[in-house]
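What's counted below: heavy atoms across the whole structure, side chains too, no hydrogens, waters or symmetry copies.
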Amino acid sequence: MKRSRSPRYSDWSDYEDAEEAPSSSSTPPVREDGFQYDVFLSFRGPDTRNRFTGHLYQALQDKGIHTFIDSEKLEKGQKVEKLFGYIERSKIFVPIFSKGYADSEWCLKEITKMVECKRLIIPVFFDVEPRDVRGLSGPFEPAFTRYGGNYITNKEEVRKWRNALIEAGKVSGYNLANTDGYEARLIKLIVKRILTEVNKTPLFVAKHRVGLDSRVAELVEMLKVDAQNDVKMVGIHGMGGIGKTTLARAVYNQICPHFDASSFISDVREAAKQSKLFSLQEQLLRDVFKDEEVKVNDTAHGTGMIIERIKSKKVLLVLDDVDSEPQLGALAGSVDWFCFGSRIIITTRNKRVLIGPLRVENVYELKVLDDIQSLQLFCWHAFGKEEPKAEIAELSKKVANTAAGLPLALEIFGSHFFCLETNKEREDMLKKLKKNQDEGIHERLKISFDALGEEEKTVFLDIACFFIGKDRDFATFKWKDIFPDLTIKFLMHKSLININEDTGQFEMHDHIRDMGRKIVEDESRSDPGMRSRLWKKDDILYVLENKRGTEKIEAIDISCLSKDSVDVDAESFAGMSQLRMLRLENVTLRGEYGHFPRTLKWLNWNPRYLDSLPSTLPLENIVVLDLSESSITQLWNHHGFRETKVFGQLKVLNLRECVNLTICPDFTTMQHLEILDLLDCRKMTELHPEKLQEMNLSGCKNLVDVLGIEQLRYLKTVKLRGCRSLSISLKERVQEANFHILEGFTFPGSIDESSDASSD
């Protein structure tokens, strides 16, 4: 009797021998990764069931690989939705293409669903060639000719079958012909390959995913995994401890099933440090091609192998902690190396890696956690729950704020509080964390510092100790001999500093700042006089009062002392032969000023007991002289500096709010002066500037003229708030002058009559 043509699975007549199939094991539960089966086998029963497919199934089961095979798991009459559910809950698809595969509509439904799922397909070409599958030729051609002429078959569904076979036929798989027809050898290769995939445990991401899921979604959107017409490189950039690796792992786990192969390469920087980049190249090739026999002799050899082979597969590649362009060049030197659809994720603290020759256009700037997320993450690590108890809520907020949104710090702080039982213990721990940077945090962050050159270390430590919140342009004069603009940009790329776009001031994460200051304090724990920089009150007073200054000291900031003036013997500076920077606020100097080192380049001093600078003060190398808010009536007296050339290197002269200043400084010895600030010098009556680039004369109400302004060919900015009459007279004179000698100097934009005092 003729069999019914009702909905059937690969023609039910194909499976009348189902009772001869291998015995069924218990149905596995759905796992945490959402899968119930490791492998879904798709095949046409009469072609391969009793031989190849049956043996492959048993071999997989013997290895503990949960495998779905139709006759054991699917009862006759079950709907196609049930079948598709098994496909959706399987991690790997193994279609076994035989000569009769296309004759089964159910096989075609299966392969179409598998392709739609966009997971790993490992095709087996049993007694057909890959070109027959992707070309719908050979034994596949009659079946599709029949479908095309059959008015019963849905033409749109036939089109989907065609596209699915074409797509699956392009995937590199296993061909029985390549094992000389030995089925046992082919089964062994397939099982070995599947074992490598099944044994890929998802990368550990984080115990608590606070703030992570939204970042994963943003990065996945940036990657555009579904696009198959390009190769995309995406960088994850941020400071140490901010969670770059955690984010990369989470994204890798989520999207790796969409690729033919994937590889997560950790600690690229460390491998390069040990001259073992070639071992990472070897790991990459083994991960992608599942070939444990791959051997890389050196980096050049590995680069050549990657270029030659990797373009054959759509890959997901994560390169974690890349620190330099050569490291990236050895593993992913160009998008041209990769097959369309491939995605490369690069995590780095050094933005220069991303804007170098590769010019990675898509950069995800990882930000710190907000206050709410910080509190939640701390509480999970400290108390095992999202919120603290009411009685320690305020303390918990203080601890979370101390971490400043850095996930690394929140995790470590949480571990410190985990076993504390009393509020007294918790309060003491908070004080300890504020006083000294945790060693674990310090070592992680110090990695970035250790990679700097000596000049970059100098600038970084100066900023960390003295210049946070200070004007960037003003501070750069301190480093005029070491190309400060390039150095600052390098430090920004390293995620060590930032410059506020609105104020132009240096910014630094609290823990980066603490890392820098701890480096200085670790230079000598017992003797502050042996440290390069001093900024703490107790350390400074100890050195000055006991005359413990040494050639190690490069910079001192005494502005942190109390409002009460402190008397210091000038002789205390005698031993500081390498002192570059000195800031004295509310300090009275006694004794001989000749003891000051001649290496001084930056002096910030507001003496309220002098009417002019002492003539014995050695200032021949001074670059920045800041006497703002001092009581001087003149910069120097007629018998002092006037006969010398002590200001031959001076570039910045800040005399703002020197309200007693009446006599204009003589600029003839200041051949390199660029910035002059005379804000609120109200007793000034005239001015003789030279090669200035910037003048701030706001508040100089008695100033009636600026002699020779027509000759200031370098002048770019003049601020004249509150000097209406002077502004008008200068404007008239400049308009009468030859504008070609006043390049960059225009009205009214560069003469500022309306800005607030605060903006000055």
Audit row: E394, K397, salt bridge (Lys or Arg N to Asp or Glu O under 4.0 Å) steps and yes/no: CA-CA 5 Å; E394 285 304 314; K397 289 180 181 178; 3.8 Å; yes
message: Let's go through M305 and Q281 carefully: what are the C-alpha distance in whole Å and the side-chain angles of both, what is the deciding distance for side chain to side chain contact (heavy atoms under 4.5 Å, CB included) to 0.1 Å, and is it a yes or a no?
response: CA-CA 9 Å; M305 291 181 68; Q281 294 174 322; over 6 Å; no
task: Run the numbers on R472 and D485 for salt bridge (Lys or Arg N to Asp or Glu O under 4.0 Å), then give the verdict.
output: CA-CA 10 Å; R472 172 233 193 258; D485 292 335; 2.9 Å; yes
Worked verdict on W337 versus V231 for side chain to side chain contact (heavy atoms under 4.5 Å, CB included): CA-CA 9 Å; W337 292 10; V231 176; over 6 Å; no
message: Pair L316, F264 - check side chain to side chain contact (heavy atoms under 4.5 Å, CB included), show working.
response: CA-CA 8 Å; L316 170 63; F264 193 106; over 6 Å; no
Side chain to side chain contact (heavy atoms under 4.5 Å, CB included) assessment of K478 paired with F467: CA-CA 11 Å; K478 185 176 186 294; F467 289 112; 3.6 Å; yes
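Classification of D514 and R517 as a salt-bridged pair fails, no side-chain N sitting under 4.0 Å from a carboxylate O. Salt bridge annotation for K446-E443: absent, with no cationic side-chain nitrogen under 4.0 angstrom from a carboxylate oxygen. A salt bridge links K118 to D226: one of the charged nitrogens lies within less than 4.0 Å of a carboxylate oxygen. Between R531 and E523 there is no salt bridge, since no side-chain N of the basic residue sits under 4.0 Å from a carboxylate O of the acidic one. Taking a cutoff of 4.0 Å between a charged side-chain nitrogen and a carboxylate oxygen, R343 and D230 qualify as a salt bridge.
Of the inter-residue distances, the one linking L219 atom CG with L247 atom CG reads 5.0 Å to the nearest 0.5 angstrom. A distance of 5.5 Å separates OG1 in T458 from CZ in R533, rounded to the nearest 0.5 Å. The NE2 atom of H237 sits 3.0 Å away from atom OG of S495, with the distance rounded to the nearest 0.5 Å. With rounding to the nearest 0.5 angstrom, the CD1 atom of I344 is 12.5 Å from the CD1 atom of I265. Atom-to-atom distance recorded for L433:CG and K398:NZ is 13.5 Å, nearest 0.5 angstrom. Atom-to-atom distance recorded for N498:CG and M508:CE is 10.0 Å, nearest 0.5 angstrom.
Smallest separation of non-hydrogen atoms from A206 and T246: CB-CG2, 4.0 Å. The shortest non-hydrogen separation linking L582 to L579 is CB-CD2, 4.2 Å. Contact record, V360 with G235: CG1-N, 3.8 Å, taken as the closest heavy-atom pair. Listed here is the closest heavy atom pair of L319 and L317: CD2-CD1, 3.7 Å. Here the shortest heavy-atom pairing between V216 and Q254 reads CG1-OE1, 3.5 Å. Residues K244 and L366 come closest through the heavy atom pair N-CD2, 3.5 Å.
Within 6.0 Å of CD in E365 there are more than 12 heavy atoms belonging to other residues, nucleotides or ligands. R352 CZ: 12 or fewer foreign heavy atoms inside a 6.0 Å radius. The local environment of NZ in K480 is crowded, with over 12 non-hydrogen atoms from other residues, nucleotides or ligands closer than 6.0 Å. More than 12 heavy-atom neighbours from other residues, nucleotides or ligands sit within 6.0 angstrom of CZ on R525. Shown here is K489, whose NZ atom has no more than 12 heavy atoms of other residues, nucleotides or ligands within 6.0 Å. Summarising the local packing, CZ of R444 is surrounded by 12 or fewer heavy atoms from other residues, nucleotides or ligands at distances under 6.0 Å.
With a 4.5 Å cut-off on side-chain heavy atoms, V315 and D287 do not count as touching. Side-chain atoms of L496 and E456, non-hydrogen and from C-beta on, never get closer than 4.5 Å to each other. Residues L280 and V268 have side chains in contact (heavy-atom distance under 4.5 Å, counting atoms from C-beta outward). For the pair L331/Q283, no side-chain contact is recorded, criterion being any heavy-atom separation below 4.5 Å from C-beta on. Contact check for F466 versus M581: side-chain heavy atoms found under the 4.5 Å cut-off. V210 is not listed as a side-chain neighbour of L410, based on a closest heavy-atom distance of 4.5 Å or more. Looking at heavy atoms from C-beta onward, H511 lies out of side-chain contact with L408 at the 4.5 angstrom threshold. In this structure, L284 and I310 have side chains that are in contact, with non-hydrogen atoms separated by less than 4.5 Å.
Taking the ring axis of F259 as reference, the NZ or CZ atom of K313 does not stay both within 45° of it and closer than 6.0 Å to the ring centre.
When atom types are taken as modelled, the side chain of Q373 and the backbone of L369 share no donor-acceptor pair closer than 3.5 angstrom. Between the T550 side chain and the G529 main chain, a donor and an acceptor come within less than 3.5 Å of each other. Not a single donor-acceptor pair under 3.5 Å links the side chain of D267 to the backbone N or O of E270. In this structure, the side chain of H208 does not engage the main chain of K385 through any donor-acceptor pair within 3.5 Å. Listed for the K601 side chain is no donor-acceptor partner under 3.5 Å among the backbone atoms of F477. No donor-acceptor pair under 3.5 Å is formed between the side chain of Q327 and the backbone N or O of V322. Of the possible donor and acceptor atoms, one in the side chain of T487 sits under 3.5 Å from a partner among the backbone N and O of I482. A donor-acceptor pair under 3.5 Å is absent between the side-chain atoms of R548 and the main chain of D527, judged by distance alone. Judged purely by atom type and a 3.5 angstrom limit, H509 uses its side chain to pair as donor or acceptor with the backbone of A404. Using a distance-only test at 3.5 Å, with no hydrogens or angles considered, no donor-acceptor pair links the side chain of N500 to the main chain of Q505.
T347 and D320 are linked by a side-chain donor-acceptor pair at a separation below 3.5 angstrom, with hydrogens and angles left out of the test.
For residues 421-431, the salt bridge (Lys or Arg N to Asp or Glu O under 4.0 Å) pairs, not counting sequence neighbours, are K424-D428.
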